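Below is one structure; the comments refer to it alone.
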There are 2 protein chains.
Amino acid sequence: MPAPRKFTRERLQAAALALVDAAGLDGLTMRSLATELGTGPMTIYNYVDGRGGLERLVTEAVMAEAAWPEPSDDWRADVHAVAEGMWRAVRAHPHAIPLILTRRSLDLTTLRPAEALVQALARSGRSGADLLVAFRTVSAFVTGFAQAELVGPLSRDKDVTETTGRIAALPRDQFAGLAEIATAAEASDPETEFAAGMRIVLHGLQGKTR
Amino acid sequence: MPAPRKFTRERLQAAALALVDAAGLDGLTMRSLATELGTGPMTIYNYVDGRGGLERLVTEAVMAEAAWPEPSDDWRADVHAVAEGMWRAVRAHPHAIPLILTRRSLDLTTLRPAEALVQALARSGRSGADLLVAFRTVSAFVTGFAQAELVGPLSRDKDVTETTGRIAALPRDQFAGLAEIATAAEASDPETEFAAGMRIVLHGLQGKTR
DNA sequence: ACCTGAACACCGTTCAAGT
DNA sequence: ACCTGAACACCGTTCAAGT
């Protein structure tokens, strides 16, 4: 992948993400991006390693938007803040979520929030294997939460009623628990649920340096 | 979708999952499944709602394999067991993971483990919004953990060394935290990490009925 | 009613040729 | 060295016709 000159990588990234935001994942193809930039499809291959590379480009563009405050003296608040920053970045581009869940990316921009998360967790006194597990747990919560909003059994579609309707249509005796939380979900919203879940995870991390 | 007769839905499911397991996600196409069954591509449309329906078929086949023991008198053990059952089912078909993360499915088989999880959590004394959040948190942990194994920064590829190599190649001063847990990951394995993470989540859920 | 081949409108990508 | 059109080998799916 030598460095060509007709476009910048940032230009590609922005155009690709814009296509996904506007027209969904199917709206992004080698051809659509090319015409958007005023070239032929083959030109894209000078900047990106095939379709996979194109999708990685989008993932990186989304994660680059993750933001979080400077570290404070409260590691729990810091963990919460970084996790929330990642979550918000992902949610801001719902059409791109499948890519983020699915495409591996290891560029520096994507790793920066991950590093910030490890650092915050390290300030709880953890290291080595304990630190690893803490990182895995918080990361899993964040991406899993975003995933559930996308396709989980309680995911909100265009209209909330549909979700509850689907669950309500289930055999009541077999799925009483799901019916109950589906009702609770109606009166709730992702923001408060994320915060409450995060509180549970942080409580789990508290006072267990090993 | 009326009920045709040439094949059973189970037959389709098994064949589709077998294709994915053997040849990856790209190995499953309308055409490949059709020839596998000895028909033309169009026949599949009598059983499944387009490509999306085909992928949902695979998701359901995987989740149908989730297993967990009968409820005990220890809700924490029960939550752990159901979560682990879901996790194991997903991990057993790594090629299908992107579909599971990405394709919405609401058939009864897929909802059964979810219901078992809610039930176990309800035995902690939670209900309503608290039960909802507990469910979301554990679910997020499970799917997020599976996702991380697939594409996370510490995901193990064919050879463990590569992962650590990638992280080790990063600027040390900017990514000291990731370097540390990458090293820890070398001496660890998914099983114990999942168990340890689960313990954190369960600790977080403990004694907080509201 | 269920099945299915032919044909269409797309893909990503190879290859070879441009400058 | 970088760029790019034409062509190829695939897709999923529409449509119309079979039984």
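Below, read A as the first sequence line, B as the second, and so on, with proteins coming before strands; counting in each chain starts at 1. Since the model is a prediction, treat every value here as computed from it, not as a measurement.
In this structure C:dT13 sits in a base pair with D:dA7, meeting the Watson-Crick or G-U test at under 3.5 Å. Across every strand in view, C:dG18 sits in a pair with D:dC2 that passes the Watson-Crick or G-U test at under 3.5 angstrom.
Rounded to whole Å, the distance from CZ on B:Arg56 to C1' on D:dG12 is 15 Å. Put simply, CG on B:Leu33 is 16 Å from C1' on D:dT13, counting in whole angstrom units. When the P atom of C:dC3 is taken as reference, atom CG of B:Leu37 falls 12 Å away, rounded to whole Å. One can place CZ of A:Arg31 at 7 Å from C1' of C:dG12, the figure rounded to the nearest angstrom. Taking atom CD1 of residue B:Ile44 and atom P of nucleotide C:dC2, one finds them 16 Å apart after rounding to whole Å. The distance between atom CG of B:Leu54 and atom P of D:dC11, rounded to the nearest whole Å, is 13 Å. Here C:dG12 presents its P atom at 11 Å from CG of A:Leu25, a figure rounded to the nearest Å. In this structure, CE of B:Met42 is placed 13 Å from C1' of D:dA16, rounded to the nearest angstrom.
OP1 and OP2 of D:dT4 both lie 4.0 Å or more from every side-chain N or O belonging to A:Tyr45. Phosphate proximity of D:dC3 to A:Thr43: absent, as no side-chain N or O sits under 4.0 Å from OP1 or OP2.
When distances run from any side-chain atom of B:Thr29 to the nucleotides C:dT13, D:dT13, D:dG12, the shortest one goes to D:dG12. Comparing atom distances between the A:Tyr47 side chain and each of C:dG12, D:dC3, C:dA7 picks out D:dC3 as nearest. The listed nucleotides are C:dG12, D:dC11, C:dT4; the one nearest the side chain of A:Met30 is C:dG12. Of all nucleotides listed (D:dC3, D:dT13, C:dT4), D:dT13 comes nearest to the side chain of B:Pro41. Proximity note for A:Lys6 (side chain, C-beta onward) versus D:dC3, C:dA6, C:dA7: the nearest is D:dC3.
Classified by interplanar angle (parallel below 30°, tilted 30° to 60°, perpendicular above 60°), the ring pair A:Trp87/A:Phe194 is parallel.
Of the possible donor and acceptor atoms, one in the side chain of B:Tyr47 sits under 3.5 Å from a partner among the backbone N and O of B:Phe7.
With 3.5 Å as the limit, one finds no donor-acceptor pair spanning the side chains of A:Arg31 and A:Thr29.
A:Glu60 and A:Arg56 are not joined by a salt bridge, as no carboxylate oxygen comes within less than 4.0 angstrom of a charged side-chain nitrogen. By the 4.0 Å N-to-carboxylate-O rule, A:Glu149 lies too far from B:Arg136 to be salt-bridged with it.
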